[in-house]
Amino acid sequence: MNGKHLIKLGFEKEAVGLALKAATAREGAGLARADILHELGAVQAAPQDYAGGGVYALLAQMLLAQAAAQQVRAASALRAVPLPYAVWGADLIEPGARAQMDVAMRLPVSRAGAMMPDAHVGYGLPIGGVLAAENAVIPYGVGVDIGCSMMLSVLPMLPGALKVAEASGLLLRHTRFGAGVGFEKRDRQDHAVLHEPTWEEQPLLRHLYDKAVNQIGTSGSGNHFVEFGTLSLAQPDPELGLEAGEYLAVLSHSGSRGFGAQVAGHFTALAGRLHPGIDKVAQKLAWLPLDGEEGQAYWQAMNLAGRYALANHDLIHARLARALGVSPLAQASNSHNLAWKEVVDGQELIVHRKGATPAAKGQLGLIPGSMADPGYLVRGRGHAPALASASHGAGRQLGRRAAQNALSKKDVQAYLEGRGVTLIGGGIDEAPQAYKRIEEVIARQTDLVDVLAEFRPHVVRMDTGSEDV
DNA sequence: ATGTCC
């Protein structure tokens, strides 16, 4: 008896050695080779009957482990062909982003998808990708900045009532930007989200609580901003309680800061470990079953990060309104990096929007342009083929590196001057020229949202980029 | 997006 006989019998890898060891023991006990091969065949057919003890126990246990691993691999196997999905503004989307969406639509858990006109390449799911999955949540389908969101406050003031110098002073005093940045202890503000019992329900959340307390009410870096500008409402909107006209308004873009980033990192790694056999092209799309412990933990942490991000906006807007001595006439907000349980074609699915604005029928949303381009207050049309979604902005047309190589401070300053925008902070990588034309992106999604109002930025604060403007 | 590995 040797390994060749056993491989011929169908044993693989570690099972070959264990089968040989058992066979040798049986030969020693005086059994004929034919009888031993017969016994080995029986172990192979029903390893669960032999795993409890005896000369074949180790072999049987190995066979059971191998079968389980095979099952895990099979459960991770991709479809040969992506499910179909609709694309808005295909002429504005680079092939790399489409390729990423194609991979996402090959996941065995995927059921439906759509691509928004601001789409561009990201980690795993492209930014601007919408993906509906069955009983599965994909950490990289939500993204690193869990709960990244927009908020608008319409103030009872005329746009001209706030001078540039005053607006700059308010932004400098009442907002905080930069990686790792929090409010000074004496300036920290409290918020209901910090008193939720959820923080006590996972060691990870307990661990991140102090950081969350430290950073609440702040804005982070990259494309995050707080700005004063003019909101122009063409028609009166009874639901918003606003007459047609021009208003001073505050628009902010912020996320869940270091807290959300660490939640994302933790669960992305966990999802990867759950899918050791997943095809390499889909490695960053590893998912967590929502009916499992890990999936439930992510769902809880993700939703807390979503509420925390909105709390950041709440405090930003409350500080500025208070400093101006006014109460907002109206507010709107939306998350654009999150997953929701929604009914799609009669089935409850997990709809991931990674850089996509929820646009259910009647739902308000905010779609910003760039530091110097208009943003839009929109109302969703609930278009089913788009999974009731819209773009979350203009979308990059130049990567950060490409923007820094292609553009100069002069280019950005000329653009700002041309539109009467004052910028505090900001980097070349966030230059308006690095973004698609928001007007074009909006024009590609007239079936997804109705535009209610245009917001033109006047005084903008962002983090200091790696290369300042 | 985040002090870019708890």
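Because the structure is a prediction, the values reported are computed rather than measured.
The nearest heavy atom of DNA chain B to A/Gly222 and to A/His207 marks one nucleotide each, and the one closer to the 5' end goes with A/Gly222. When the nearest nucleotides of DNA chain B are assigned to A/Gln262 and A/Gly178 by heavy-atom distance, the more 5′-ward of the two goes with A/Gly178.
Counting non-hydrogen atoms under 4.0 angstrom, A/Ser221 reaches the backbone sugars and phosphates but no base. Backbone-only contact: A/Gly220 has heavy atoms under 4.0 Å from sugar-phosphate atoms and none from a base.
Every side-chain contact (heavy atoms from CB on, under 4.5 Å) that A/Glu246 has, sequence neighbours left out, goes to A/Pro159, A/Thr230, A/Ser232, A/Arg456. Annotation: side chain to side chain donor-acceptor pair (under 3.5 Å) contacts of A/Gln433 (sequence neighbours excluded): none. Remark: A/Ala323 engages A/Leu170, A/His174 in a side-chain contact (heavy atoms from CB on, under 4.5 Å) (not counting sequence neighbours). By the side-chain contact (heavy atoms from CB on, under 4.5 Å) test, A/Ala384 pairs with no residue at all, sequence neighbours left out.
Residue-to-nucleotide contacts include no donor-acceptor pair under 3.5 Å from the side chain of A/His266 to the base of B/dC6.
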**Study point:** Verdict with supporting geometry, A/Leu423 and A/Val459, side-chain contact (heavy atoms from CB on, under 4.5 Å)
**Key:** CA-CA 6 Å; A/Leu423 176 68; A/Val459 183; over 6 Å; no

Check your understanding: ring pair (Phe, Tyr, Trp, His ring centres under 6.0 Å) between A/Phe228 and A/His458: does it pass, once the steps are laid out?
Key -> CA-CA 6 Å; A/Phe228 283 104; A/His458 291 329; 9.8 Å; no

Could you tabulate the donor-acceptor pairs under 3.5 Å formed by side-chain atoms of residues 260-282 of chain A, not counting sequence neighbours?
residue: A/Thr268; atom: OG1; partner: A/Ala264; partner atom: O; Å: 2.7
residue: A/His275; atom: ND1; partner: A/Ser76; partner atom: OG; Å: 2.9
residue: A/His275; atom: NE2; partner: A/Trp287; partner atom: O; Å: 2.8
residue: A/Asp279; atom: OD1; partner: A/Val281; partner atom: N; Å: 3.2

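Computed from coordinates, the A/Leu270 CG to B/dC5 C1' distance equals 16 Å when rounded to whole Å. One interatomic measurement links the two molecules: CZ of A/Phe259 to C1' of B/dT4, which rounds to 19 Å at whole-angstrom precision. If you take OH of A/Tyr140 and P of B/dT2, they are 14 Å apart, rounded to a whole angstrom. Rounded to a whole Å, the CG atom of A/Leu208 is 9 Å from the P atom of B/dC6. Atom OH in A/Tyr123 sits about 14 Å away from atom P in B/dT2, given to the nearest Å. Whole-Å rounding puts the A/Gln202 CD to B/dC6 C1' distance at 15 Å. For the pair A/Arg273 CZ and B/dC5 P, the computed distance is 15 Å after rounding to whole Å.
Near DNA chain B, meaning a heavy atom under 4.0 Å from it, residues 209-216 of chain A has A/Lys211, A/Gln215 in order of number.
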